[in-house]
There are 2 protein chains.
Amino acid sequence: MQGAEPKPSEELILNAAVKVFTRKGYAGARMEEIAKEAGINRALLHYYFRDKETMFNIIFETKFKEFFTGMFGVFQSNASLTEKIRSIIDHEITVLSKHPDLARFVIMEIAQQPDRLIQFGQKLGFNPRMMLQNFQKEIQQNVQEGKIRPIDGRQLLMNIISICIYPFVAKSIIKTMMQMDENTFSDLMEKRKKDAYEFIINAIKP
Amino acid sequence: MQGAEPKPSEELILNAAVKVFTRKGYAGARMEEIAKEAGINRALLHYYFRDKETMFNIIFETKFKEFFTGMFGVFQSNASLTEKIRSIIDHEITVLSKHPDLARFVIMEIAQQPDRLIQFGQKLGFNPRMMLQNFQKEIQQNVQEGKIRPIDGRQLLMNIISICIYPFVAKSIIKTMMQMDENTFSDLMEKRKKDAYEFIINAIKP
DNA sequence: TGCACTTTTAACAATTTTGTTAAACAATTA
DNA sequence: TAATTGTTTAACAAAATTGTTAAAAGTGCA
């Protein structure tokens, strides 16, 4: 009988595996490194999780959910367009600040195997296309009502997402080039919630 | 004596290696796959290039240059701020449209080993920090002269770069979610040169 | 305690991936 | 043509990585 709460080792392994997989990706991750990180024998990895691929899928599913769920929650809400924009920015920056490797990991692994997007999307029961389409319709409507400047909904959507996510994907480059330490970067991202919002709002207001 | 033009095999191998490395990354790339892609025996890879790492470094240097050089060329020009912005957008979208895996590859490999940014930057003789600092000063000056709305230079810089690069990094996700085929995506990116420029200009104009 | 059961490990085996070597083949030229 | 050089391959060797097994160690309880 499978208990509800995971054994300490199982959780230990999972945490270690998350670290290694999200940092190195599937191809770069080593079972040895995961075991070392968890402070246990490599064979135990196979005792709790059949093999590398099984482990990866469990972790990828978690991270996939973490990456997409909140975003789609916002899209589905019935707030105004500007409120939605504020929520998306706020949510994305908050989540990615907490999980530094999340975006890069999910994006890279989907780029490696694009069908994972369909596969895990279905498994988690959401339909990305619908949500995006609705959001784009909403933009069109706002344009027609003269609430915002004329703009291609796809471009606006890409702009919002790019502005939120890219700095985390390219974090190491940005930190080096702008000579920031970890704290400076965090602070800048916190400030970015406001700055990015104003930037986008100014860009689209009539 | 080393000739100027590379032998057909050497070039064949290099082209194959570029494909495989940029698609799969260092860890995911297989010498076997490169050989197959080039249509030759695996041992020949080691005849022309000592080992996997040597091959990778040659290719990474090329791609690193491709990714950063033009961008910094624009930063160094003495065009106006808005002209610089137009040039950056134009250049980035043009380059990344031609080399679909370029951004993802360079970003990922630097994330894997951040010191490569310093290392290859020095090797190619450019100082990213200087250029970025000058660009940020230019932004500050434009703000003080009332030419653009008050904005943190770092944020504006990140916004411009994010808007240009992210769509290519997350291309497979975007294509799937927005139900685009390759051609539609290309067209959208071509149109984006204008759309992104207008978006950013509107965002910063006083 | 001793029995049944789970967890953990060391040692081993299999597989995958990289790198090497010696010989075949091709081209060039003395 | 035969000697020389450079190119290519098949076969082999080495290393790295993953996966398995049998036994040891730990746990709870009749």
Side-chain angles (χ1 to χ4, degrees), chain A residues 1-61 63 101 105 108-109 111-113 116, chain B residues 1-61 63 101 105 108-109 111-113 116:
Chain A
M1 195 184 299
Q2 263 299 58
E5 71 246 39
K7 286 97 193 166
S9 295
E10 194 171 333
E11 216 174 71
L12 220 63
I13 293 170
L14 223 41
N15 289 339
V18 165
K19 272 193 198 166
V20 176
F21 274 125
T22 55
R23 278 206 288 253
K24 306 284 182 77
Y26 180 83
R30 294 287 166 262
M31 297 297 267
E32 175 61 36
E33 198 184 341
I34 295 172
K36 211 171 116 195
E37 175 82 38
I40 48 119
N41 188 289
R42 232 179 55 245
L44 207 54
L45 302 182
H46 295 92
Y47 175 76
Y48 283 107
F49 309 91
R50 190 160 317 282
D51 53 23
K52 192 181 175 184
E53 209 187 314
T54 305
M55 261 181 104
F56 174 82
N57 281 330
I58 291 169
I59 286 162
F60 183 74
E61 185 175 327
K63 293 293 158 183
D101 298 316
F105 173 65
M108 290 307 123
E109 294 302 334
Q112 261 349 280
Q113 229 175 284
R116 291 205 257 236
Chain B
M1 195 183 298
Q2 263 298 62
E5 71 246 40
K7 287 96 193 167
S9 294
E10 194 171 334
E11 216 175 70
L12 219 63
I13 291 170
L14 223 41
N15 289 339
V18 166
K19 272 193 199 165
V20 175
F21 274 126
T22 55
R23 278 207 287 252
K24 306 284 183 77
Y26 180 82
R30 294 287 167 263
M31 297 298 266
E32 175 61 36
E33 198 184 341
I34 294 172
K36 210 171 116 197
E37 175 82 37
I40 47 119
N41 188 288
R42 230 178 58 244
L44 206 55
L45 302 181
H46 295 91
Y47 176 74
Y48 283 107
F49 309 91
R50 189 160 317 283
D51 53 23
K52 189 180 175 184
E53 210 187 314
T54 304
M55 261 182 103
F56 173 83
N57 282 329
I58 291 170
I59 287 161
F60 184 74
E61 186 176 327
K63 293 294 157 183
D101 297 317
F105 173 65
M108 290 306 123
E109 294 302 334
Q112 255 357 274
Q113 228 174 283
R116 291 206 257 237

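Throughout, a chain's letter reflects where its sequence line sits, starting with A, and its residues are numbered from 1.
In this structure, B/Y47 atom OH and C/dA23 atom C1' are separated by 14 Å, rounded to whole Å. A straight line from CD of A/E10 to P of C/dT7 spans 9 Å, rounded to a whole angstrom. One atom, CG of A/L45, and another, C1' of D/dT17, lie 13 Å apart when rounded to the nearest Å. Whole-Å rounding puts the A/Y48 OH to D/dG19 P distance at 18 Å. Rounded to an integer number of Å, the gap from CG of A/L44 to C1' of D/dG26 is 13 Å. Taking atom CZ of A/F49 as the reference point, atom P of D/dG19 lies 14 Å away to the nearest angstrom.
Taking only side-chain atoms of B/I40, from C-beta outward, the nucleotide of D/dT9, C/dT7, D/dT8 with the closest atom is D/dT9.
Dashed line: the shortest gap from a side-chain N or O of B/S9 to OP1 or OP2 of D/dT7 is not under 4.0 Å.
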Report, as a single string ordered 5' to 3', how protein heavy atoms within less than 4.0 Å touch nucleotides 17-22 of chain C: B base, S sugar-phosphate only, - not at all. SBBBB-
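In this structure, B/K52 has no salt bridge (Lys or Arg N to Asp or Glu O under 4.0 Å) partners at least two apart in sequence or on a different chain. In terms of the ring-ring contact (aromatic ring centres under 6.0 Å, His included) criterion, residue partners of B/Y26 (sequence neighbours excluded) are, by chain and number, B/F56. For A/Q113, the side chain to side chain donor-acceptor pair (under 3.5 Å) criterion is met by no residue, not counting sequence neighbours. Applying the side chain to side chain donor-acceptor pair (under 3.5 Å) rule to B/D51 yields the partners B/T54; only residues at least two apart in sequence or on another chain are considered.
Residues A/D101 and A/V18 are not in side-chain contact: their nearest non-hydrogen atoms beyond the backbone lie 4.5 Å or more apart.
For residues 23-34 of chain B, every residue pair satisfying the salt bridge (Lys or Arg N to Asp or Glu O under 4.0 Å) rule, not counting sequence neighbours, is listed here: B/R23-B/E37, B/K24-B/E33, B/E32-B/R42.
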